[in-house]
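Okay, structure first, notes after.
A, B, ... follow the sequence lines: proteins, then strands. Residue 1 opens every chain. Keep in mind it's a predicted model, so treat the numbers as computed, not measured.
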Amino acid sequence: MRPLPLRPEQTAVRGRPRAPPLSARGGRTERAGVGGGPAVHSDCMLLSRLAQVSREIAATSARSRKIALLAELFREADAADVPVVIPYLAGRLPQGRLGIGWKVLGRRVAPAAGPRLTVREVDARLTELGGVSGPGAQAERARLVGELMGAATEEEQRFLIGLLTGEVRQGALDAVAVEGLAQATGAPADAVRRAVMLAGSLPAVAEALLGEGPGALDRFRLTVGRPVLPMLAHSASSVAEAVTRLGACSVEEKLDGIRVQVHRDGDTVRVHTRTLDDITDRLPEVTAAARELPGERFVLDGEVISFAPDGRPRSFQETAGRVGSRVDVAKAAREVPVSPVFFDVLGVDGRDLLDLPFTERHAELARLVPEPRRVRRTVVSGPQDVARAERFLAETLRRGHEGVVVKALGAPYSAGRRGASWLKVKPVHTLDLVVLAAEWGHGRRTGRLSNLHLGARTADGGHAMLGKTFKGMTDAMLAWQTERLRELAVDDDGHVVTVRPELVVEVAYDGLQRSPRYPAGVTLRFARVVRYREDKRPEEADTVESLLAAHPDVAP
DNA sequence: TTCCGACAGTGGGGTCGCAAT
DNA sequence: ATTGCGACCCCACTATCGGAA
């Protein structure tokens, strides 16, 4: 099986605002490859060229312009540069994460006078860096990073820091890169996008496409053993809304666990996460379950979740902790056993089912997977059948699950897309909370107070912080709350502005979870602002006591 | 012309594992 | 042993562009 591409997510620590970029006209060089290997005598793209294009892309908001800039660069790229240039421009490292964060990158290193680093040299240095482990590894990595930074110009340093922290923020990730690739090669964008979804990797497709031309796209088909980006769902606020939008549909229970894609080829079983990481070794139960199914070659989509002995689903925290355990898997499996529950099949016995309507895929699923290993569902014919869908949701919630996913019966499996044919519906709770503090935003929120610290009233007349949120705010709200909170400010340490607890905000959340971090022992899951309640005084805000009473199963 | 789908950005909490303290 | 940090899990929501209606 081939190495898996990693798709780094945003890290928790945010970047500093960038200084205005210097101009640096990049180009090519005749430099050979690095590391004492065989000399590569071809044009090597300079890092400065990449950094310059990245800056230009960031400077425009027009998607078409971003695409044109990328296409121009792809045309310039030498075949050997492609496996590095493509991920770099999509803001990713071919090596995946390297264990370098702000602690290491925060140290200033004097920049080089002129651009001489090639893209391939940077890649070679980072590969070396990624191989460092054992005692003293952190110091050695820091030293290597310092060396690399010292060889980079100021603009190159900024680009590298963005790359290493996963914060290139040029407004062009995979989707825009796909368009640029299509434009550079004359291949239809849809065909490129599909190949990327099926390959689970943009660089692999780019290399084939730039090396061989559009004909190479035919090679990328659903292959057992090669993970495909999973189809995602949108949200709907009610079952009625979802059914009205989709018509004839399947209403399925939504399990609060970890998404898995399971590939079986004879005795070989591989299990992948939503981001295509291979977690086979952590989930022996899933391998065993896949081997018991009456089929030799298939690709299944489902969720892994842990059920307590009474049959109720364990909390997401428990399931996620189990799936994250790698050291003593046998022990973890004894304490928190997990089960796979499947809801779709992408291929079986050499047949690619992706383009079949869901009804037909589900018929295949039912043939392959017995009832208890399939997600519970009910099929409704359309809006006239909403009452049954609502009963199914209520029953699903009684069973302790998260909600439902409503799926159009006629829709194909849109790998990698957040298609409008799957709609999730979850109950939403709201609270009136008091703003205790707010944090200065980054990026497009620079200069705005963004992340709110939320408090509920306590019995002693004070407030207990329940978590933070930056979600749900419009630009107008951001401007308004920045003004208002500054009036209430009692302290500003440059990061957090503490305020008098007088402003009441209505917050929606998905549920309560245990927390070792917050004073009440609980925190809100996925909190987001609904609106400010200027009509409410802080004494009318909700209390910790009433919150815990509303979620007795979570209360400490 | 208006509407709407797709995308990127802005970050949240928890847990695990590793290395440093 | 404890702590700090980074990697990955889960995730909601808004602004914007540009093609569809």
### Task
Ignoring backbone atoms, test whether A/R169 places a side-chain nitrogen or oxygen under 4.0 Å from the OP1 or OP2 oxygen of B/dG9.
no
### Query
Just to confirm, is there a sub-4.0 Å distance from OP1 or OP2 of C/dC9 to any side-chain nitrogen or oxygen of A/T275?
yes
#### Entry: Whole-Å distance separating the CD1 atom of A/I305 from the C1' atom of C/dC9
14 Å
### Message
Just the rounded figure in Å: distance from C1' of B/dC7 to NE2 of A/H234.
### Response
10 Å
### Task
Tell me which residues in residues 254-262 of chain A put a heavy atom below 4.0 Å from DNA chain C, sorted by number, or none.
A/K254, A/G257, A/I258, A/R259
### Query
From C/dC9, B/dG14, B/dG12, pick the nucleotide closest to the side chain of A/D277?
C/dC9
### Query
Just checking A/R444: base, sugar-phosphate only, or nothing, at a heavy-atom cut-off of under 4.0 Å?
sugar-phosphate
### Query
If you look at every strand shown and take non-hydrogen atoms under 4.0 Å, does A/T469 touch a base, only sugar-phosphate, or nothing?
nothing
### Message
Please classify the nucleic acid contact of A/V323 as base, sugar-phosphate, or nothing, using heavy-atom distances under 4.0 Å.
### Response
nothing
### Options B/dT15, B/dG13, B/dC7, nucleotide nearest the side-chain atoms of A/T523
B/dG13
#### Entry: Given DNA chain C, 5'-ward residue of the pair A/M473 and A/F526, judged by closest heavy atom
A/F526
### Task
Using a cut-off of strictly less than 4.0 Å, decide whether A/K426 has a side-chain nitrogen or oxygen near OP1 or OP2 of C/dA12.
yes
### Message
Here's a test of your reading of the structure: between A/P516 and A/V327, which maps to the more 5' nucleotide of DNA chain B?
### Response
A/P516
### Query
Taking only N and O in the side chain of A/R517, is any of them less than 4.0 Å away from OP1 or OP2 of B/dG14?
yes
### Query
Base, sugar-phosphate, or nothing for A/A320, non-hydrogen atoms under 4.0 angstrom?
nothing
### Message
Using the side chain to side chain contact (heavy atoms under 4.5 Å, CB included) definition, which of the options A/V262, A/V271, A/V286 pairs with A/T280?
### Response
A/V271
Is there any protein nitrogen or oxygen under 3.5 Å from a nitrogen or oxygen in nucleotides 19-21 of chain C, and what are the pairs?
none

### Message
Counting the atoms with a prime plus P, OP1 and OP2 as sugar-phosphate, which does A/V176 contact under 4.0 Å by heavy atoms, base, sugar-phosphate, or nothing?
### Response
sugar-phosphate
### Task
Select one nucleotide: of C/dG18, B/dG17, C/dC9, the one nearest the side-chain heavy atoms of A/T273.
C/dC9
### Candidates B/dT10, C/dA12, C/dC9 - which lies nearest the side chain of A/R282
C/dC9
### Query
Which part of the nucleic acid does A/E439 contact within heavy-atom distance under 4.0 Å: base, sugar-phosphate only, or nothing?
sugar-phosphate
### Rounded interatomic separation in angstrom, taking NZ from A/K471 and C1' from C/dA12
5 Å
### side-chain N/O A/S515 vs B/dG14 OP1/OP2, d < 4.0 Å
yes
For nucleotides 1-4 of chain C, give me every protein contact, N/O to N/O, under 3.5 Å, one pair per line with atom names.
none

### Task
Report the distance from atom CG of A/L283 to atom C1' of C/dC8, rounded to the nearest whole Å.
14 Å
### Message
Taking the nucleotide of DNA chain B with the nearest heavy atom to each, does A/N451 or A/Q170 sit closer to the 5' end?
### Response
A/Q170
### Query
Would you say C/dG18 has OP1 or OP2 under 4.0 Å from some side-chain N or O of A/S64?
yes
### Message
Here's a test of your reading of the structure: between A/A527 and A/S61, which maps to the more 5' nucleotide of DNA chain C?
### Response
A/A527
### Message
Using a 4.0 Å heavy-atom cut-off, does A/A137 contact any base of the nucleic acid, only the sugar-phosphate backbone, or nothing at all?
### Response
sugar-phosphate
